Amino acid sequence: EPEVTQTPSHQVTQMGQEVILRCVPISNHLYFYWYRQILGQKVEFLVSFYNNEISEKSEIFDDQFSVERPDGSNFTLKIRSTKLEDSAMYFCASSRPGAGNTIYFGEGSWLTVV
Amino acid sequence: AQSVTQPDIHITVSEGASLELRCNYSYGATPYLFWYVQSPGQGLQLLLKYFSGDTLVQGIKGFEAEFKRSQSSFNLRKPSVHWSDAAEYFCAVGAANYGQNFVFGPGTRLSVLP
């Protein structure tokens, strides 16, 4: 079964450093997402992306965050200057057109900011 | 705005006992409803989903859920719990429009006693 893949699975970075989280969505999907889950808390929406532009973003997704689809397969989340509170599990997800947008999630990337 | 509540933060059941996890949603239009399961340190796995039609939906691992519009509920059930079902369970509501983000509930942690 096709799946969303994410790299790295775990990254430790120093505060203030830039981080790029990478994702390969399911190949025939056209909508891409990033979600975040701080340890012990619920899953929160960050951003959705369609047709090479952001279609929706939450208030969490401030100027420190950016997304990009640099080629036909990858979808990246960049955090420009990490803060301690950015430590979380980041989930990439994708969905295809059609009635009912089931979103398929990757395994997540653990980001620890020290 | 759409929202999801899961009234039970933590539930403990004995192996072989039946299970019901509660989910209530608030949404202005016809919701698309989902249950995801997350094992410790893992990603989100889709258990089942409801779009339309039969209000009792079957999912993987022997789970089912019933959509009750009058009660704005989408409770998850399993007749006989296995020790491997111990995990965090998230209810989510999605919009009918393609690419709209999901809103997740806070999750219910399930513990299973031998």
Side-chain angles (χ1 to χ4, degrees), chain A residues 1-7 9-10 23 25-26 29-61 67 88-110 112, chain B residues 1-10 21 23-25 27 29-54 57 59-60 65 67 74 87-109:
Chain A
E1 181 177 324
E3 58 182 21
V4 176
T5 58
Q6 291 185 241
T7 54
S9 56
H10 189 198
C23 169
I26 295 173
H29 287 187
L30 298 180
Y31 296 91
F32 314 114
Y33 313 81
W34 284 100
Y35 284 77
R36 180 182 81 175
Q37 185 183 29
I38 294 171
L39 186 64
Q41 299 185 23
K42 69 175 181 179
V43 180
E44 301 172 292
F45 168 75
L46 292 179
V47 64
S48 59
F49 191 87
Y50 171 70
N51 199 25
N52 285 319
E53 62 183 22
I54 292 173
S55 54
E56 190 173 357
K57 62 182 180 179
S58 71
E59 59 188 23
I60 302 170
F61 193 86
V67 289
M89 175 79 97
Y90 288 82
F91 291 105
C92 176
S94 68
S95 66
R96 61 177 177 83
N101 54 338
T102 298
I103 296 180
Y104 294 89
F105 287 83
E107 291 289 311
S109 294
W110 265 114
T112 302
Chain B
Q2 59 215 62
S3 66
V4 178
T5 56
Q6 293 178 246
D8 304 304
I9 297 172
H10 184 201
L21 303 182
C23 171
N24 294 95
Y25 68 90
Y27 190 63
T30 300
Y32 291 133
L33 296 158
F34 305 80
W35 275 99
Y36 287 86
V37 61
Q38 183 183 34
S39 297
Q42 301 296 311
L44 296 163
Q45 182 181 25
L46 179 68
L47 282 176
L48 47 76
K49 59 191 178 186
Y50 171 78
F51 294 155
S52 63
D54 193 347
V57 293
I60 63 172
F67 171 60
F74 188 57
E88 189 93 17
Y89 291 80
F90 293 95
C91 182
V93 61
N97 295 325
Y98 310 146
Q100 292 274 335
N101 77 82
F102 275 17
V103 173
F104 281 83
T108 297
R109 184 160 62 92

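If you're wondering where the values come from, they're calculated on a predicted model, not measured in any experiment. Residue numbers start from 1 in every chain, and the chains themselves are labelled A, B, ... in the order their sequence lines are given, proteins ahead of strands.
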Visitor: Let me know if B/E88 has heavy atoms under 4.5 Å from chain A in its side chain, its backbone, both or neither.
Guide: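 Answer is neither: B/E88 stays 4.5 Å or more from chain A.
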Visitor: Do any pairs count as a salt bridge (Lys or Arg N to Asp or Glu O under 4.0 Å) and have a residue in residues 32-51 of chain B, sequence neighbours left out, and if so which ones?
Guide: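 Qualifying pairs: none.
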Visitor: Please round to the nearest 0.5 Å and tell me the distance separating atom OH of B/Y36 and atom CD1 of A/I103.
Guide: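 B/Y36 atom OH to A/I103 atom CD1 measures 6.0 Å (nearest 0.5 Å).
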Visitor: Tell me, side chain or backbone of A/Q37 under 4.5 Å from chain B's heavy atoms, or both, or neither?
Guide: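 Side chain only.
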Visitor: Look only at the side chain of A/Y33 and the backbone of B/F102, and say whether a donor-acceptor pair between them is shorter than 3.5 Å.
Guide: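 Absent.
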Visitor: Kindly write out the residues that satisfy ring-ring contact (aromatic ring centres under 6.0 Å, His included) with A/F49, not counting sequence neighbours, or none if the list is empty.
Guide: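 For A/F49 the ring-ring contact (aromatic ring centres under 6.0 Å, His included) partners, ignoring immediate neighbours, are A/F75.
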Visitor: Using heavy-atom distances under 4.5 Å, tell me whether A/Y50 contacts chain B through its side chain, its backbone, both, or neither.
Guide: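 No part of A/Y50 comes within 4.5 Å of chain B.
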Visitor: Is the closest side-chain heavy-atom distance between A/K42 and B/Q6 below 4.5 Å?
Guide: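 Not touching, per the 4.5 Å side-chain cut-off.
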Visitor: With a 4.5 angstrom heavy-atom cut-off, is it the side chain or the backbone of B/L46 that approaches chain A, or both, or neither?
Guide: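 Interface part for B/L46: side chain.
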Visitor: Is it the case that over 12 heavy atoms from other parts of the model lie below 6.0 angstrom from the CD1 atom of B/I9?
Guide: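 Open.
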Visitor: Taking atom CD of B/Q38 and atom CZ of A/F105, what is their separation to the nearest 0.5 Å?
Guide: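 With rounding to 0.5 Å, CD (B/Q38) is 10.0 Å from CZ (A/F105).
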